[in-house]
Structure formats: C-alpha cells, structure tokens
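Please read the structure below before turning to the comments.
In this text the structure is predicted, and so the values were computed from the model without any measurement.
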Amino acid sequence: MYSLSTCWNSHRHTDGAAMLREIRELGFEYAELSHGIRISLLPGILNAVDSGEIKISSLHNFCPLTMGVEHAAPNIFKFTAENPRERENALKHTLKTIETAARVKAPLIVLHMGCIEMKDYTDKLLDMVQDGKRGTPKYEKLCEEAALKREEKKEKASAFAHEVLRRLIAEAEPRGLKLGIENREALEEIPFESDFPLFFKEFTSPSVVYWHDTGHAQIKENLGFIHHAMHLESLADRLYGFHVHDVQFPGHDHRAPGAGSIDFAALKPIVRPEHLKVFELSPSLTPAEAKKGVAHLKAIWGEE
C-alpha cells in the first residue's frame, strides 16, 4: 500500500476536501493526515472520507493541531517532559489523535517518543560531515561526547515516555489501532538507535510497531551511528511501514526518492507488499517532482 502525507500540501489549502482531492488526483487511493492538519481542515476531510473519495492510511501525531496552532508541530508536547502538565497535554492530544484515527478508520498513528535535554550535537556533526571532517579526531571526540551525554540522561526521560505510552496502549488495543514508534534523526531523540531491540522487548503489545523513516535513518548513517539497511533488517519483525523520502547528503531530507543519496534497492529485501509506504515529501516539491519520485521508488520496490 502506498500513501502520500498531507505534509506536502496541507499548508496551501483551506478546505480539507480539496487538499485530499489533490492527493487523489496524483493517483493515490490513500493519504496520511500529517502533523500540520489545522482544525479548520477537518470538516472537508471527513466529507471526503465519508463520500469514499479517498481513504486514510495513517495519522501523524498530533492530528489535528491544537487550538490556536497553525503550523506543523509534532513536538509541541513531549512524552519526555520534566513538567507533568506537559506530559498530560501530550497524552490528552494524542488521545484526540486516536479519536480522529477511529473517526476516519485509519489503522495507525505515527508517534515521536520525545527527547532528552542536551545541546544540539546533531547539527554540529552534520556541519562537520558537510565539510569533510567525519572521521577526524575532533569529529570522533564529539560523537563520543554526545553518546556519553545522552546515555547519562536517558533513564528518566525514557521512564516518563514509557509511562505515557502504556496509557496510550490501553486506549489503542481495544480499537485495534497500531502505534508506530518512529526512528528519529536527532541524536537526543528516543528511542536511541541502539535501544530499539530492548524497547520492543519491553513493549510486546501487538499495538506497538516499528515505523521506519528512510530519511532519518540515512542521516544517522551519514553521521556514522548506524548502517541503514542493517538497522532496518534488525527490526523487520516489528516493522509496520515507512515514511519514504530521500536525503541530499548529508542531512537535507524530505526530497523526492531518486533526488538524494539513499540506496532504496538495498532496503528492498526487507520491504513487503503488506507494509504501509507513505511518501513524506517537502512542500517545496512540485507535483511533477513528486510524481517522478513516486515512479522512481515503485520501479525499485514494486507497485504494491
């Protein structure tokens, strides 16, 4: 199943039905409601879904946006927040996403689990990679420092996030809804790339699945923290689907497949027809560029 995320076009629409119609006219039977869905778009979305014009494959938390927020804000409330009020807001608004998913008959919600508080190593390291300094003593020292800092701080943040997730599972399981735990590009975001196997040993509920973002994984490979294909293969038994986009080296993501450096052929052995594949493309891409990227990927991964 292929789908297109509304992150590509929600910003330029005031009517949810017209937004979904644009996606349908690109040839998609399914759309993902992304984290930029304003409340004002919901009536048109519901009309389009109820009329059978399009189906909803998935939602990206938080969806719809909270009242008064007009731009994409997937991290506006964090499961890992020290402040219990923020964690309660994260729970409350994720429950609203669950309600919306049930209303539009979507089987999956993509979640960010949160982050630890530390300085921004990711952008600094990407700048060094861009300047050809990966592998230098300074680069390796900074990687070691980042790894040490995040390990020192992860226990409390993970405990907060896991408690929120347990409460969400209690709501998702009776509905048959999947919670897709997304791999993230920033070093401070959890689960860390090396922690996913332990995470899935702790959360054995069939409602908790792995959601693989190809761009985020490629950025982590470009930084030297993972091997993209091997990381994906190691989580294949819990894999539900993908956010698909390319990366112009080293960290410019949400490009159309084929416009960047990802070896999609190397990922193909893990991809199955039953996996949900959602194109998550930059709003800067034209319809022609989007179509070209879709055709590029389908030529490698197949039509299903």
Quiz question: by atom type and distance under 3.5 Å, do the side chains of [X] and [Y] form a donor-acceptor pair?
{"X": "H228", "Y": "H216", "result": "no"}
{"X": "H112", "Y": "N61", "result": "no"}
{"X": "E182", "Y": "H243", "result": "yes"}
{"X": "S207", "Y": "E173", "result": "no"}
{"X": "H13", "Y": "E22", "result": "yes"}

In sequence, state the C-alpha distance, the side-chain angles, and the governing distance for R167 and E88, and then conclude on salt bridge (Lys or Arg N to Asp or Glu O under 4.0 Å). CA-CA 11 Å; R167 294 168 71 181; E88 283 300 316; 2.8 Å; yes
Where do [X] and [Y] come nearest, in terms of heavy atoms and distance?
{"X": "A48", "Y": "L20", "result": "CB-CD1, 3.9 Å"}
{"X": "S58", "Y": "L276", "result": "OG-CD2, 3.9 Å"}
{"X": "V110", "Y": "L108", "result": "CG2-CD2, 3.8 Å"}
{"X": "L4", "Y": "F279", "result": "CD1-O, 3.5 Å"}

Look at the side chain of [X] and the backbone N and O of [Y], then say whether any donor-acceptor pair between them is shorter than 3.5 Å.
{"X": "T136", "Y": "K133", "result": "yes"}
{"X": "S234", "Y": "H231", "result": "yes"}
{"X": "S261", "Y": "V247", "result": "yes"}
{"X": "W8", "Y": "L285", "result": "yes"}
{"X": "T97", "Y": "H93", "result": "yes"}
{"X": "Y210", "Y": "F200", "result": "no"}
{"X": "N9", "Y": "M19", "result": "yes"}
{"X": "R134", "Y": "D131", "result": "no"}
{"X": "E32", "Y": "T6", "result": "no"}
{"X": "K153", "Y": "M118", "result": "no"}

Looking at the rings of H162 and F160, which for Trp means the six-membered one, are their centres under 6.0 Å apart?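 Judged by ring-centre distance (under 6.0 Å), H162 and F160 do not meet the cut-off.
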Determine, using ring centers only, whether F242 and H275 are less than 6.0 Å apart. yes
Is the shortest heavy-atom distance from the side chain of L281 to the side chain of P257 under 4.5 Å? yes
So do K220 and E185 actually touch side chain to side chain, heavy atoms under 4.5 Å? no
Should we say atom [atom1] of [X] is surrounded by more than 12 heavy atoms from elsewhere, each under 6.0 Å from it?
{"X": "E117", "atom1": "CD", "result": "no"}
{"X": "K291", "atom1": "NZ", "result": "no"}
{"X": "E151", "atom1": "CD", "result": "yes"}

Is there a path of hydrophobic side-chain contacts, each under 4.5 Å between heavy atoms of I, L, V, M, F, W or Y residues, that connects [X] with [Y]?
{"X": "I190", "Y": "V209", "value": "no"}
{"X": "L235", "Y": "V244", "value": "yes"}
{"X": "V208", "Y": "M113", "value": "yes"}

Geometric cation-pi criterion, K277 with Y2: 6.0 Å, 45°: yes
Does F79 have R87 sitting over its ring (NZ/CZ under 6.0 Å from centre, angle to axis within 45°)?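 R87 over F79 ring: no.
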To the nearest 0.5 Å, tell me how far [X] [atom1] sits from [Y] [atom2].
{"X": "N47", "Y": "E53", "atom1": "CG", "atom2": "CD", "value": "10.0 Å"}
{"X": "T122", "Y": "I219", "atom1": "OG1", "atom2": "CD1", "value": "9.0 Å"}
{"X": "K268", "Y": "L297", "atom1": "NZ", "atom2": "CG", "value": "10.5 Å"}
{"X": "S205", "Y": "L168", "atom1": "OG", "atom2": "CG", "value": "11.0 Å"}
{"X": "D253", "Y": "Q218", "atom1": "CG", "atom2": "CD", "value": "10.5 Å"}
{"X": "L111", "Y": "W211", "atom1": "CG", "atom2": "CH2", "value": "11.5 Å"}

Show your reasoning for whether salt bridge (Lys or Arg N to Asp or Glu O under 4.0 Å) applies to D50 and R103. CA-CA 10 Å; D50 291 345; R103 175 64 180 84; 2.8 Å; yes
Test side chain to side chain donor-acceptor pair (under 3.5 Å) on H245 and D213; report intermediate values, then the result. CA-CA 8 Å; H245 51 108; D213 186 295; 2.6 Å; yes
Does E188 come within less than 4.0 Å of K154, counting only side-chain N to carboxylate O?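 Here E188 does not pair with K154 in a salt bridge, since their nearest N and O are not under 4.0 Å apart.
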